[in-house]
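What follows is a single structure, written as structure tokens, with notes after it.
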Amino acid sequence: MADFVGAIDQGTTSSRFMIFDHDGNEVARHQLEHTQILPRPGWVEHDPVEIWERTNVTIQTATRTAGIAPSDLAAIGITNQRETTVVWDPRTGQPYCNAIVWQDTRTDTIASALERDGHGDLIRRRAGLPPATYFSGGKVRWILENVPGVREAAERGHALFGTTDCWVLWNLTGGPSGGIHATDVTNASRTMLMDLETLDWDEELLELFGIPRAMLPKINPSSHPEAFGQARTTRPLRTAVPITGVLGDQQAATVGQVCFAPGEAKNTYGTGNFLLLNTGTQPVRSEHGLITTVCYRFGDSPAVYALEGSIAVTGSAVQWLRDQMRTIRDAAESETLALTVEDSGGIYFVPAFSGLFAPYWRSDARGAIVGLARYHTNGHLARATLEAICYQSRDVVEAMFQDSGVHLDVLKVDGGVTANDLCMQTQADILGVPVSRPVVAETTALGAAYAAGLATGFWRDTDELRAHWHESKRWYPRWSEQRRAEGYAGWQKAVQRTLDWVEVP
Ligand SMILES: Nc1ncnc2c1ncn2[C@@H]1O[C@H](COP(=O)(O)OP(=O)(O)O)[C@@H](O)[C@H]1O
Ligand SMILES: O=P(O)(O)OC[C@H](O)CO
């Protein structure tokens, strides 16, 4: 009998393959970064071939080092950076251009024209999203309009669109020789092309974006015993293993954090931050700058929805300190550098590199450091960077409360940045709410494994999964109410300084 479930986590900065046992414990992992291609200000690209090849290596390496045969895997789940858009030729498997990453702002004219021409309400109502550069629909349209030959190819059925789950799935199930072109409801809910109620591509939205339906993948539930086929390629597994779970990484983390009841929420701190609140089987429309998204759909059960606060730049601001400012050598050093000073010395860093996402949705914003005096050092900047991660999260927690009335007694957290003790303490201080991290912090891969394992009966039900969740650490607020209020007022003032900076036509 197969004792393990595997999960591919194709993230923004890296791809990894992880193997979990029946208790949800990690047995093995391998992880490889891929190149961040930054050809112009605001443009962010990935090479899809590099992503697929590295994903492939991680599967081989993790299974080999763990001494696990493919036949020991009951199933595989796939989770992914959402919205990032790949368009490829199904005859050759070659992408027509680099993937356009979710952070890329080149589609700002498309997004603003949709709003200006009065289509914003339709997109919000039907897809639950504001017209923004973030989502896939505008990126597909940009490729159709700007990459020579793609529109003609698409009309002849020679161009497929997919987010990276779909790209990896297609390659894993055979590529040009019969690869499965499918995605799941959570990923489809990030395109501006899917109707949140019918869970199908919407003809009116497709027409608005000028996207031929033939390019689009089939939309499946997030967990299903047959819909995603089998990993069949001679590489990397040499044995057919069923792929039975697919879901976007933030939804997967919500599943990995066992937020299965309405009112349960988690905040993931990776390249960006994403706070998702389970709202049950009815979509809740936001009035305060959050988006409505599908949280998961298991088999034929009704879809479960979430309200989401998406923040574009959090961990990537730490990467910016490392790679562009060169004030630190690795991400962990952001903590030691910040600890060289007692506080941020009154400065605020608003890392609006991709404009501002939730709750502002302002593509005309750009990053700013405000309040500088000659006194300030790299230590203050490091602290302001960590505080910016936490203040942006407070913004979405406030919006979440206004939209849903849900007051969090504790914030469940996960993701790479949660290794930073100072940042998590600061989060508790800025929110005035305790922050709790689970033992298995890789909740994204775990959630994909759960979706896959539920479909095959490896796990019985969500109650069984709940029993796997254990807290590893909790941070309690220490700041006075006055310090918290003054700090947040300063943040709100700093955000105002970043708005209306670039002209968006
Ligand atoms: N100790 C740390 N302190 C602050 N940031 C960190 C730390 N370790 C990792 N990070 C940040 O976390 C991010 C990676 O987290 P991860 O969850 O792997 O992200 P993703 O899934 O988006 O690729 C990077 O942006 C990195 O800068
Ligand atoms: O890959 P991550 O963890 O940065 O997540 C990216 C999000 O899915 C973007 O919506």
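Sequential numbering from 1 along the given sequence is applied to the chain's residues. Both counts, for ligands and for their atoms, begin at 1 and track the order of listing.
- The environment of CZ in Arg478 is sparse: at most 12 heavy-atom neighbours from other residues, nucleotides or ligands sit within 6.0 Å.
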Full working for ring-ring contact (aromatic ring centres under 6.0 Å, His included) between Phe349 and Trp491: CA-CA 9 Å; Phe349 171 26; Trp491 167 257; 9.2 Å; no
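- Checking each of Thr271, Thr84, Val313, Thr133 against Gln103 for a side chain to side chain contact (heavy atoms under 4.5 Å, CB included) leaves exactly one that passes, namely Thr271.
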Write out each pair where an N or O from ligand 2 and one from the protein are under 3.5 Å apart, with the distance.
from: ligand 2; atom 1: 1 (O); to: Thr12; atom 2: N; distance (Å): 2.9
from: ligand 2; atom 1: 1 (O); to: Thr12; atom 2: OG1; distance (Å): 2.7
from: ligand 2; atom 1: 1 (O); to: Asp249; atom 2: OD2; distance (Å): 2.9
from: ligand 2; atom 1: 3 (O); to: Asp249; atom 2: OD2; distance (Å): 3.2
from: ligand 2; atom 1: 4 (O); to: Thr12; atom 2: OG1; distance (Å): 2.8
from: ligand 2; atom 1: 4 (O); to: Thr271; atom 2: OG1; distance (Å): 3.2
from: ligand 2; atom 1: 5 (O); to: Asp249; atom 2: OD2; distance (Å): 2.8
from: ligand 2; atom 1: 5 (O); to: Gln250; atom 2: NE2; distance (Å): 3.3
from: ligand 2; atom 1: 8 (O); to: Arg82; atom 2: N; distance (Å): 3.0
from: ligand 2; atom 1: 8 (O); to: Arg82; atom 2: NE; distance (Å): 3.0
from: ligand 2; atom 1: 8 (O); to: Asp249; atom 2: OD1; distance (Å): 2.5
from: ligand 2; atom 1: 8 (O); to: Asp249; atom 2: OD2; distance (Å): 3.4
from: ligand 2; atom 1: 10 (O); to: Arg82; atom 2: NE; distance (Å): 3.2
from: ligand 2; atom 1: 10 (O); to: Arg82; atom 2: NH2; distance (Å): 3.0
from: ligand 2; atom 1: 10 (O); to: Glu83; atom 2: OE1; distance (Å): 2.6
from: ligand 2; atom 1: 10 (O); to: Glu83; atom 2: OE2; distance (Å): 3.3
from: ligand 2; atom 1: 10 (O); to: Tyr134; atom 2: OH; distance (Å): 2.7

Checking Phe274 against Trp102 for the ring-ring contact (aromatic ring centres under 6.0 Å, His included) test, could you report, in this order, the C-alpha distance in whole Å, the side-chain angles of both residues, the deciding distance, and whether it holds? CA-CA 13 Å; Phe274 303 90; Trp102 58 276; 5.6 Å; yes
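- Tested against Ser223, the residues Phe228, Phe298, Tyr296 include a single side chain to side chain contact (heavy atoms under 4.5 Å, CB included) partner, Phe298.
- For the residue pair Leu199 and Leu196, the shortest heavy atom distance occurs at CD2-O, 3.4 Å.
- Under the 30°/60° scheme for interplanar angles, the aromatic rings of Trp167 and Trp88 are found to stand perpendicular.
- The number of heavy atoms from other shown groups lying within 6.0 Å of CD (Glu342) does not exceed 12.
- For ligand 1, the protein residues placed under 4.0 Å by at least one non-hydrogen atom are Thr12, Thr13, Arg16, Gly270, Thr271, Gly315, Ser316, Val318, Gln319, Ala331, Ala332, Ser334, Gly415, Gly416, Val417, Asn420.
- Atom-to-atom distance recorded for Ile100:CD1 and Ile37:CD1 is 12.0 Å, nearest 0.5 angstrom.
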